[in-house]
Amino acid sequence: MAAQTLAEAGATVHVYDAMASVGRKFLLAGRGGLNLTHSEPMPRFVERFGARSKQVADWLEVLTPEQLRDWAHGLGIQTFVGTSGRVFPIDMKAAPLLRAWMHRLRSAGVQFHMRHRWTGEMDRAAGSEARALCFSTPAGPVKVQADAVILALGGASWARLGSDGAWVPWLQARGVETALLQPANCGFDVHWTPLFAERFAGQPFKSVAIEASDSRGNVFSRRKGEFVATATGIEGSLIYAASALLRDEIATHGSAEVRVDLLPDRSVQQVREQVLHPRGSRSIGSHLQSRLGLDGIKRAVLHEVLDKEGMHDAEKLAATIKSLPLRLVAPRPIDEAISSAGGVRLEALDDGLMARIDPGVFCAGEMLDWEAPTGGYLLTASMASGVVAARGTLAWAAQREASNQEKGDEPYPRH
Ligand SMILES: Cc1cc2nc3c(=O)[nH]c(=O)nc-3n(C[C@H](O)[C@H](O)[C@H](O)COP(=O)(O)OP(=O)(O)OC[C@H]3O[C@@H](n4cnc5c(N)ncnc54)[C@H](O)[C@@H]3O)c2cc1C
């Protein structure tokens with residue numbers, strides 16, 4: 001999006017990427033239908049960015065969710081609003097959109113250089129204001145000069161798709177302040193018994209609700225949805241939604257608790273009545289199945305938190321069905337996460353996303369220090385920040401050209 005904005009303004013744009021083809025993570029997002037953005041009202045939309053709402057709201061002024069949809073339509077890709085308000089391309093694929101976008105960028109003169117891995121250098125060339133960037137390529141090291149640089153290197157999840165977070169120490173060494181990259185929209189480890197892990201890994205907890213709170217009084221309010229048991233714990237959209245609070249609580253206290261309502265459509269009283277109903281010679285398991293429709297994984301997870309005595313205590317059992325405490329002991333590694341929190345601190349950048357300490361170097365996308373839940377917020381904010389960084393670059397270049405002309409220097413070529 002930065003390249004598009006620059007090229008449309010007449011700049012010469014070169015895009016360098018470490019991978020063999022562009023937009024690998026964008027294509028991966030297509031596997032889940034490519035949730036481009038969200039249709040909810042703007043005040044609600046910006047709230048999703050938590051502590052960074054104010055800054056991200058500024059970015060979204062230059063590329064609103066509505067404008068993002070129009071942009072896709074302009075590339076011949078129609079979109080629709082799903083029942084949850086999320087916006088997807090009609091065919092729920094990323095490849096046709098990416099293809100059309102690449103065609104437009106190439107037609108606008110953007111030149112792509114794949115398998116060019118930037119190695120961290122971008123000092124000013126001797127006697128010049130231009131930057132000398134070094135790339136490692138299959139043909140050996142390559143040096144190029146650029147008047148301005150926009151870094152959009154991503155976070156550190158799914159490193160095999162290109163964004164590996166290797167840039168963090170490079171920017172730190174230049175004095176650009178960064179916050180620790182951490183998993184966002186991630187799963188968590190739970191100490192399942194080996195029997196549960198073996199039998200239920202990969203199975204969903206369907207039609208449940210979760211809630212959580214942390215020791216600082218932050219609350220993740222009760223929300224319905226589903227998640228999946230894994231061999232090591234839990235993952236899935238409902239858990240991702242609460243993951244920032246849970247991750248931060250684990251970092252502070254070593255563990256976090258999420259409360260699961262296994263039957264969110266029944267009241268405590270209704271569940272209690274059914275549990276207390278005489279069960280005759282039936283086992284507790286078949287009693288819960290026939291009276292309450294609890295499926296295998298829901299019955300089994302009760303055994304994970306209640307001992308034998310607890311399972312036979314009807315009051316306790318009913319209360320646990322409605323509010324089952326799951327202790328989470330660690331977030332899954334960042335490489336498995338949907339996105340990354342942390343990155344280049346927004347305080348280290350000006351409003352045009354230029355590094356205060358390193359004029360001419362701009363940053364955009366997930367490598368910036370913001371986070372958001374899933375729902376199309378990640379792509380929308382990444383792309384909007386690309387437009388902001390490109391506009392910042394154009395404004396900075398124009399200003400520099402004007403001051404060079406004032407000094408009587410040769411006009412600067414606009415690369
Ligand atoms: C499974 C999955 C599903 C997702 N689904 C959605 C979704 O439906 N909706 C949504 O909004 N978001 C989704 N996301 C998140 C979204 O894809 C990212 O937030 C978004 O791609 C970030 O864009 P970016 O350009 O900042 O970084 P990236 O897309 O990560 O791109 C960074 C680029 O920088 C390149 N690079 C990194 N280091 C170097 C280097 N040293 N030299 C050269 N090149 C380098 C990489 O090769 C890569 O191409 C999903 C993520 C995952 C993992």
Side-chain angles (χ1 to χ4, degrees), residues 1-4 14-38 45 48-49 59 65 68 72 79 82 84 86-89 92-94 97-98 101 112-122 133-137 142 144 149-171 181 183-187 235-237 240 332 334-341 343-344 353 362-389:
M1 203 51 101
Q4 182 183 315
H14 293 263
V15 176
Y16 299 88
D17 198 302
M19 299 301 286
S21 57
V22 294
R24 297 294 298 273
K25 196 175 274 182
F26 188 79
L27 289 172
L28 176 73
R31 276 207 228 153
L34 193 68
N35 182 189
L36 268 179
T37 189
H38 204 289
F45 194 104
R48 309 289 183 177
F49 297 88
W59 307 344
L68 186 59
T79 58
S84 58
R86 295 175 180 218
V87 175
F88 300 89
M92 300 193 82
K93 287 184 182 152
L97 178 55
L98 185 61
W101 195 7
F112 287 87
H113 307 267
M114 304 316 295
R115 292 198 174 95
H116 278 61
R117 186 181 155 75
W118 176 53
T119 50
E121 300 86 346
M122 55 173 170
L133 288 103
C134 297
F135 295 93
S136 94
T137 78
V142 167
V144 300
V149 180
I150 298 180
L151 299 172
L153 303 168
S157 79
W158 290 72
R160 64 188 175 282
L161 300 183
S163 44
D164 57 9
W167 52 267
V168 173
W170 302 337
L171 290 197
L181 286 177
N185 295 301
C186 58
E235 66 180 26
S237 55
Y240 299 159
R332 292 300 298 160
I334 193 165
D335 194 46
E336 293 175 20
I338 299 287
S339 57
S340 306
V344 175
L353 298 179
F362 297 76
C363 300
E366 202 181 304
M367 71 182 293
L368 301 178
D369 178 21
W370 56 275
E371 67 176 310
T374 60
Y377 309 104
L378 300 165
L379 282 174
T380 306
S382 292
M383 293 202 210
S385 69
V387 177
V388 172

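For ligands, and for the atoms within them, numbers begin at 1 and follow the listed sequence. Just so it is clear, the values below take in all heavy atoms, side chains as well, and ignore hydrogens, waters and symmetry mates.
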Taking C-beta and beyond as the side chain, do Cys363 and Leu353 meet within less than 4.5 Å on heavy atoms? no
Just checking Trp167 against Trp118, ring centres under 6.0 Å apart? no
Restricting to pairs with a member in residues 369-389, which pass salt bridge (Lys or Arg N to Asp or Glu O under 4.0 Å), not counting sequence neighbours? Arg52-Asp369, Arg247-Glu371, Arg345-Asp369
Atom pairs and distances, donor-acceptor, side-chain atoms in residues 23-33, under 3.5 Å, two or more places apart:
unit_1, atom_1, unit_2, atom_2, d
Lys25, NZ, Ser157, O, 2.9
Lys25, NZ, Ser157, OG, 3.1
Lys25, NZ, Ser163, OG, 3.0

Kindly print each ligand 1 N/O atom paired with any protein N/O atom under 3.5 angstrom away, one pair per line, or none if nothing qualifies.
unit_1, atom_1, unit_2, atom_2, d
ligand 1, 8 (O), Asn35, N, 3.1
ligand 1, 9 (N), Asn35, O, 2.8
ligand 1, 11 (O), Asn35, O, 3.4
ligand 1, 11 (O), Leu379, N, 2.8
ligand 1, 19 (O), Glu366, OE1, 2.5
ligand 1, 26 (O), Glu366, N, 2.8
ligand 1, 30 (O), Ser163, OG, 3.2
ligand 1, 34 (O), Ala152, O, 3.4
ligand 1, 41 (N), Trp118, O, 3.0
ligand 1, 42 (N), Trp118, N, 2.8
ligand 1, 44 (N), Ala18, N, 3.0
ligand 1, 47 (O), Asp17, OD1, 2.6
ligand 1, 49 (O), Asp17, OD1, 3.3
ligand 1, 49 (O), Asp17, OD2, 2.5

Donor-acceptor pair, distance only, cut-off 3.5 Å: does the side chain of Asp335 make one with the backbone of Ala159? yes
Partners passing salt bridge (charged side-chain N to carboxylate O under 4.0 Å, His left out) against Glu336 (at least two apart in sequence or in another chain): Arg332
